[in-house]
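A quick write-up on the structure given underneath.
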Amino acid sequence: MLHDPNRVYVFDTTLRDGEQVPGCQLTTPEKIEIARELEALGVDIIEAGFPISSPGDFQSVVEISKAVKNPTVCALTRANKGDIDAAVESLRYAKHPRIHTGIGSSDMHIKNKFNSTREEILVRAVEAVKYAKKSVEDIEFYAEDAGRADVHYLAQMIEAVIEAGATVVNIPDTNGYCLPDQYGQKIKFLKENVKNIDKAIISVHCHNDLGLATANSIAGLQNGARQIEGTINGIGERAGNTSIEEVVMILKTHQVLGLHTNINTRNFYELSRMVSSQMRMPVQPNKAIVGSNAFAHSSGIHQDGFLKNRENYEIIRPEDVGFPNASIVLTARSGRHALKFHLERLGINLNKEELGDAYHRFLTLADNKLDINDDDLLLLMTGDNMYVQSVQKR
Ligand code: KIV
Ligand code: ZN
């Protein structure tokens with residue numbers, strides 16, 4: 001079982017749940033390229049696809065299995081033999097194969113999706129795990145829509161699938177419904193009430209419909225889960241999945257939680273941009289950790305504080321996530337300190353009076369131009385008021 005009780009396993013599903021986003025489909029070579037970068041990032045498990053869903057998805061799982069050696073390669077199935085057979089076949093070259101099988105666990109799904117009963121669903125769950133276990137040792141079971149499932153039934157299901165051979169039990173908040181406290185309590189309940197729970201790792205798989213995916217994942221980890229599932233940039237169905245970069249950096253920043261991963265955080269930025277460009281899915285500028293503004297300081301008060309000591313306004317060092325560098329953006333809200341910083345960077349040193357004069361002209365310019373770059377500053381410093389006046393009012 002687990003050697004280090006504080007180690008959190010990172011399960012990346014960018015190539016499966018992430019790739020389900022309309023317009024984000026990738027070719028097999030593109031998926032291989034991302035899978036190699038995920039290996040370099042240090043993820044423990046790569047969910048490479050849903051092999052029964054299409055020949056292309058099947059082939060991607062085959063090729064990714066050949067391309068990576070350290071991470072476990074995982075294939076998704078529903079709880080039926082056809083899906084499981086396809087997954088087993090697609091994983092034949094994987095050094096560490098895993099089958100991810102499962103079924104709905106909420107009454108909503110049991111009635112309205114499967115037109116079935118709790119009893120029948122339990123039997124199907126156990127049969128699927130037993131069947132998969134005949135071919136692959138490492139079996140992860142997902143209890144779909146666990147976020148809305150009755151916790152007593154969920155506990156019964158989890159106990160039965162562990163008994164049948166599941167090594168990881170995934171408790172998805174499929175619809176991003178839970179509050180962090182509710183989700184954390186659900187994990188705690190399973191930890192305390194499923195009698196064979198120590199034979200499996202609990203995994204958290206959260207969606208972001210209410211913007212709570214990261215908070216819910218952390219709540220799950222605080223209550224005993226030791227695997228977190230997510231995607232790079234948080235891409236995924238509807239509002240997306242948990243952002244792996246957010247969870248990992250939360251654990252690194254809040255060491256008081258006592259949890260750690262094996263992730264090379266310096267690879268985050270580059271991988272984020274690769275996923276964004278290959279999937280044609282821009283990263284919102286204010287996205288935590290990897291957004292283009294994540295380390296940009298623009299108001300005068302913040303810039304002044306940052307220049308005095310970066311830790312005044314920086315809780316993560318940009319270099320720790322591979323971000324090019326923190327930036328002091330010059331806008332009409334910037335103060336003298338920020339202007340001085342940029343002028344000195346360009347080799348221009350001014351006394352107090354000269355700086356006051358330059359700042360006055362800078363403000364006129366900044367009121368009329370959105371972004372002030374180095375060329376603007378150099379022209380500003382020629383003392384050419386014509387330039388300042390010639391800039392069109394936006
Ligand atoms: O969100 C979900 O429930 C899933 C399962 C298939 C694991 O993606
Ligand atoms: Zn999902």
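The basis for the numbers below is simple: all heavy atoms, side chains too, and nothing from hydrogens, waters or symmetry mates. Both counts, for ligands and for their atoms, begin at 1 and track the order of listing.
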Measuring centre to centre across the rings, with the benzene-like ring taken for any Trp, is His205 within less than 6.0 Å of Tyr142? no
Tyr269 and Phe323 aromatic centres sub-6.0 Å: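 Yes, the ring of Tyr269 comes within the 6.0 Å limit of the ring of Phe323, centre to centre.
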Has Tyr177 got more than 12 heavy atoms of other residues, nucleotides or ligands less than 6.0 Å from its OH? no
Give a table of atom pairs where an N or O of ligand 1 lies under 3.5 Å from a protein N or O.
unit_1, atom_1, unit_2, atom_2, d
ligand 1, 1 (O), His205, NE2, 3.2
ligand 1, 1 (O), His207, NE2, 3.0
ligand 1, 3 (O), Thr174, OG1, 2.7
ligand 1, 8 (O), Arg16, NH2, 3.0
ligand 1, 8 (O), Asp17, OD2, 3.1
ligand 1, 8 (O), His205, NE2, 3.2

For the side chain of Asn196 and the backbone of Glu159, is there at least one donor-acceptor N/O pair under 3.5 Å apart?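 Yes: the side chain of Asn196 pairs with the backbone of Glu159.
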Under a 3.5 Å distance rule, please check whether Arg92 uses its side chain to pair with a backbone N or O of Glu89 as donor and acceptor.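 Indeed, once roles are kept as given, a pair shorter than 3.5 Å links the two residues.
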Protein N/O/S atoms under 2.8 Å of the Zn ion (ligand 2)? Asp17 OD2, His205 NE2, His207 NE2
Between Lys95 and Thr72, do the side chains contain an N or O donor and an N or O acceptor separated by less than 3.5 Å? no
Share the residues that join Phe189 in a hydrophobic cluster, the rule being Ile, Leu, Val, Met, Phe, Trp or Tyr side chains under 4.5 Å apart at the heavy-atom level. Val151
Side chain to side chain donor-acceptor pair (under 3.5 Å): which pairs involve residues 215-224, sequence neighbours left out? Ser217-Thr242
Minimum side-chain heavy-atom gap Cys24-Arg280 below 4.5 Å: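 Heavy-atom side-chain distance check fails, nothing below 4.5 Å.
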